[in-house]
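Everything quoted here is computed from the prediction, not taken from an experiment. Atom set for the values below is all heavy atoms of this structure, side chains included, hydrogens, waters and symmetry mates excluded.
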Amino acid sequence: MTIATFIRGHGPKHDMALTDFDLVLFGGSGDLAMRKLLPALYALNRDKGFPATARIYCVGRHDWTQEEYLKEVNDNAKPHIVPEMLSATSWDTFCARVTYVSLNASDAATYKALAEAMRSDPALTRVYYLATPPSLFATICHNLAEAGLATPNSRVVLEKPLGRDLESARQINAEVGRVFSESQIFRIDHYLGKEAVQNLLALRFGNVLFEPLWRREWISDVQITIAEEIGVGNRMGYYETSGALRDMLQNHLLQLLCIVAMEPPVSVTADAVRNEKLKVLRSLRRFTPATLVQNVVRGQYRSGHVDGVPVPSYRNEPDGNPQSRTETFVAVKAEIDTWRWAGVPFYLRTGKRMADQLAEIVVRFKSLPHSIFAQPVGSFQPNSLVIRLQPDEGLHLNLMAKTPGDGMRLKPVDLELDFRETFKKPRMEAYERLLMDVLRGQLTLFMRSDELEAAWEWVEPILTFWEQEESEPIPYTSGSWGPAAASALIGRDGLQWREESLPEV
Ligand code: BG6
């Protein structure tokens with residue numbers, strides 16, 4: 001059953017014209033720049049029309065000429081653009097905006113070249129995108145200030161990881177805060193730029209239907225899953241210092257939890273939304289060593305098959321450490337101590353080399369209190385609302401309906417809203433939307449310093465416990481749904497992860 005056909009029209013247009021800008025991309029030859037940022041800038045330039053004189057300066061350590069850098073972009077960024085979006089003219093127009101500047105981020109003297117390349121008009125919007133390791137954030141900001149490049153019209157974008165614990169996150173906030181004010185700092189979490197996350201806001205606060213039910217009286221539990229089929233790939237160096245808890249849970253999963261759990265903000269202005277998210281983070285029940293053992297599961301993938309293809313264990317990946325204790329999977333039962341959510345468990349999990357590539361939020365409602373039909377009350381599947389972030393973006397509302405024919409037999413049916421099908425509009429990638437917000441100066445979808453610290457504060461006891469503990473992550477087979485302990489974690493509450501409760505097809 002689909003309700004897509006009932007929903008048409010795209011509403012008013014909110015596109016605001018962009019003012020002229022100079023955007024400087026630190027880490028301009030890195031993996032993120034090539035895979036995500038340059039393709040996103042290309043798409044925005046093509047579809048949103050950057051101001052005629054807007055410039056993009058790509059900064060890197062290599063001593064490349066402009067031509068050599070553009071060849072890199074051609075070889076490594078272009079393949080990440082969908083072919084239908086590519087045309088020789090728009091590619092050339094984009095490349096004409098790009099200037100390569102060779103610079104050593106730690107060496108203040110080399111910023112002279114950047115200052116000379118950039119336009120000197122102080123009224124111009126300047127965006128400094130730091131797609132570099134966080135250890136360089138403070139140095140870069142300091143050097144920008146030294147070189148007179150940190151003007152009041154400047155913005156700085158910080159890529160994750162934003163620290164590796166509370167202490168380092170505080171340090172980053174303090175150091176960057178010496179140069180830029182909070183309203184100039186854009187801490188990116190690309191999950192907040194995903195279409196379905198924005199649609200969750202629309203669903204909750206653009207309809208009256210769910211809000212009265214969105215509380216402990218009617219909701220039994222919430223599951224948030226981000227499962228990936230990919231392994232660690234060529235990012236072993238980074239991943240060994242991170243693990244799933246720092247890489248996914250501290251940021252993406254907690255941000256999704258905030259959007260599900262926050263109180264209605266008074267508007268969608270940055271501080272209105274961020275104040276509400278902060279309250280959620282501060283209401284998360286802190287773990288103690290005793291509650292941790294019960295409520296947190298960590299795993300590490302062993303060899304197996306993903307989509308029928310044999311894959312090695314995490315420890316045997318390129319540059320892998322045969323003794324590594326880094327977790328590639330984590331599942332947590334979180335609790336929010338507020339009137340709205342007391343007693344409603346939020347189960348969060350994420351892992352690499354899982355059975356499927358998906359990200360979804362499942363809001364499960366309470367069971368029917370009583371059956372007036374011949375069927376026992378236990379045969380009624382509780383209603384659930386599934387918000388799919390990927391691979392397909394949409395909503396599924398699970399209801400009980402009568403099966404056709406004689407008698408009164410009820411069975412679960414799925415009311416489905418497929419966003420692609422409904423809004424036949426080209427999608428904006430998360431990075432496109434977020435870059436556009438940076439250029440427009442809109443901070444709503446970016447984390448504030450206190451939010452970042454509150455998220456670290458909550459995960460810190462887990463990190464400390466794991467560091468002190470002798471035990472290792474539980475092994476799980478690649479291509480599975482993670483360690484059995486994750487099923488046990490939710491099973492203790494008489495529940496199952498969604499994929500375990502779905503009928504076989
Ligand atoms: C990144 C993590 O932030 O998110 C990666 O560092 C992860 O490890 C990625 O693969 C997942 O993002 P997406 O948008 O592909 O689900």
Side-chain angles (χ1 to χ4, degrees), residues 20-34 37-38 41 53-70 72-73 97-165 167-188 237-238 241 435 438-439 441 446-447 449 452:
D20 197 6
F21 63 84
D22 271 359
L23 184 148
V24 182
L25 179 52
F26 284 85
S29 53
D31 182 59
L32 186 72
M34 292 299 168
L37 302 176
L38 291 166
L41 287 166
T53 46
R55 308 235 21 107
I56 300 166
Y57 302 88
C58 294
V59 168
R61 270 169 311 163
H62 300 277
D63 195 13
W64 283 329
T65 62
Q66 169 79 0
E67 289 65 39
E68 282 167 334
Y69 179 70
L70 286 180
E72 288 291 314
V73 175
R97 290 193 189 279
V98 174
T99 304
Y100 180 69
V101 181
S102 168
L103 172 152
N104 174 354
S106 314
D107 180 358
T110 60
Y111 284 64
K112 200 161 163 269
L114 181 62
E116 278 165 6
M118 288 173 73
R119 290 177 286 168
S120 57
D121 179 3
L124 208 63
T125 299
R126 290 174 172 184
V127 174
Y128 300 105
Y129 197 119
L130 312 194
T132 65
S135 51
L136 284 174
F137 291 170
T139 314
I140 294 176
C141 292
H142 180 76
N143 287 341
L144 286 171
E146 282 273 289
L149 291 170
T151 54
N153 282 334
S154 296
R155 294 165 198 162
V156 64
V157 186
L158 306 181
E159 248 308 328
K160 75 176 258 285
L162 288 157
R164 49 173 286 105
D165 54 16
E167 177 57 30
S168 52
R170 280 193 177 137
Q171 238 167 37
I172 291 173
N173 281 342
E175 293 294 332
V176 176
R178 274 185 226 283
V179 177
F180 296 104
S181 67
E182 187 62 33
S183 64
Q184 294 176 288
I185 306 174
F186 291 70
R187 296 177 190 79
I188 240 175
Y238 154 72
T241 64
L435 275 163
V438 174
L439 294 172
F446 298 84
M447 278 177 292
S449 59
L452 175 71

Which pairs would a plain distance check flag for residues 101-108, meaning a side-chain donor or acceptor within less than 3.5 Å of a matching protein atom at least two apart in sequence or in another chain?
from: S102; atom 1: OG; to: H62; atom 2: O; distance (Å): 3.2
from: N104; atom 1: OD1; to: S106; atom 2: N; distance (Å): 3.1
from: D107; atom 1: OD1; to: A109; atom 2: N; distance (Å): 3.1

Given 3.5 Å as the limit, does a donor-acceptor pair link the side chain of Y128 with the main chain of L149, or not? yes
Quick check: closest heavy atoms across A150 and A145, and the distance to 0.1 Å?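 For A150 and A145, the tightest heavy-atom pair comes out as CB-CA, 4.0 Å.
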Rounded distance [0.5 Å steps], CD in E72 versus CH2 in W64: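 Interatomic distance, E72 CD to W64 CH2, rounded to 0.5 Å: 4.0 Å.
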CG on N173 to CG on L452, rounded to 0.5 Å: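 Answer for the CG-CG pair, L452 versus N173, is 5.5 Å.
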For the residue pair G28 and Y69, what are the closest heavy atoms and their distance? O-OH, 2.6 Å
Do NZ/NE/NH1/NH2 and the carboxylate oxygens of R170 and E167 come within less than 4.0 Å? no
Please name the pair of heavy atoms, one in A115 and one in A147, separated by the smallest distance, quoted to 0.1 Å. CB-O, 4.5 Å
If we ignore hydrogens and angles and just use 3.5 Å, is the side chain of R155 paired with the main-chain N or O of V438 as donor and acceptor? yes
Strictly distance-based, threshold 3.5 Å: is any side-chain N or O of R164 a donor or acceptor partner for the main-chain N or O of T241?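 Here the side-chain-to-backbone pair exists.
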Check for a donor-acceptor pair, side chain of E175 on one end and backbone N or O of T139 on the other, with a separation under 3.5 Å.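 Side chain of E175 to backbone of T139: no pair is present.
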E116 side chain to A113 main-chain N or O, any donor-acceptor pair under 3.5 Å?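 No, the answer is negative, given that no donor and acceptor are paired below the 3.5 Å cut-off.
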Between D121 and R126, the two heavy atoms sitting closest are O-NH2, 4.2 Å
Passing option when C58 is tested against L38, T99, V73 for side-chain contact (heavy atoms from CB on, under 4.5 Å): L38
Mind checking the CD1-CZ spacing from I172 to F137? Nearest 0.5 Å is all I need.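 One gets 6.0 Å once the value is rounded to the nearest 0.5 Å.
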Please walk me through it: do S29 and R61 pass side-chain contact (heavy atoms from CB on, under 4.5 Å)? CA-CA 8 Å; S29 53; R61 270 169 311 163; over 6 Å; no
Among I140, V176, I188, exactly one meets side-chain contact (heavy atoms from CB on, under 4.5 Å) together with L158. Which residue is that?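 With L158 as partner, I140, V176, I188 yield a single side-chain contact (heavy atoms from CB on, under 4.5 Å), made by V176.
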Please report the interatomic distance OH(Y57) to CG(D22), rounded to the nearest 0.5 Å. 4.0 Å
Separation between OG (S154) and CZ (F180), nearest 0.5 Å, reads 5.5 Å
R119 side chain to T53 main-chain N or O, any donor-acceptor pair under 3.5 Å?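 Such a contact is found between R119 side chain and T53 backbone.
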Is there a donor-acceptor pair under 3.5 Å between the side chain of D20 and the backbone N or O of L124?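 It does not hold such a pair.
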Let me know which of V157, T132, L136, V156 forms a side-chain contact (heavy atoms from CB on, under 4.5 Å) with F26.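 Of the listed residues V157, T132, L136, V156, the side-chain contact (heavy atoms from CB on, under 4.5 Å) partner of F26 is T132.
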For the student: nearest non-hydrogen atoms of L25 and A33, plus distance: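 Heavy atoms of L25 and A33 come nearest at CD2-CB, 4.0 Å.
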Donor-acceptor under 3.5 Å (Q66 side chain, V98 main chain): yes
Answer yes or no: does atom CZ of R97 have more than 12 heavy-atom neighbours from other residues, nucleotides or ligands under 6.0 Å? yes
Please give me the minimum heavy-atom distance between C141 and L130, naming the atom from each residue.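 Nearest heavy atoms, C141 then L130: SG-CD1, 4.2 Å.
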Report the distance from atom CG of L114 to atom CG of L144, rounding to the nearest 0.5 Å. 7.0 Å
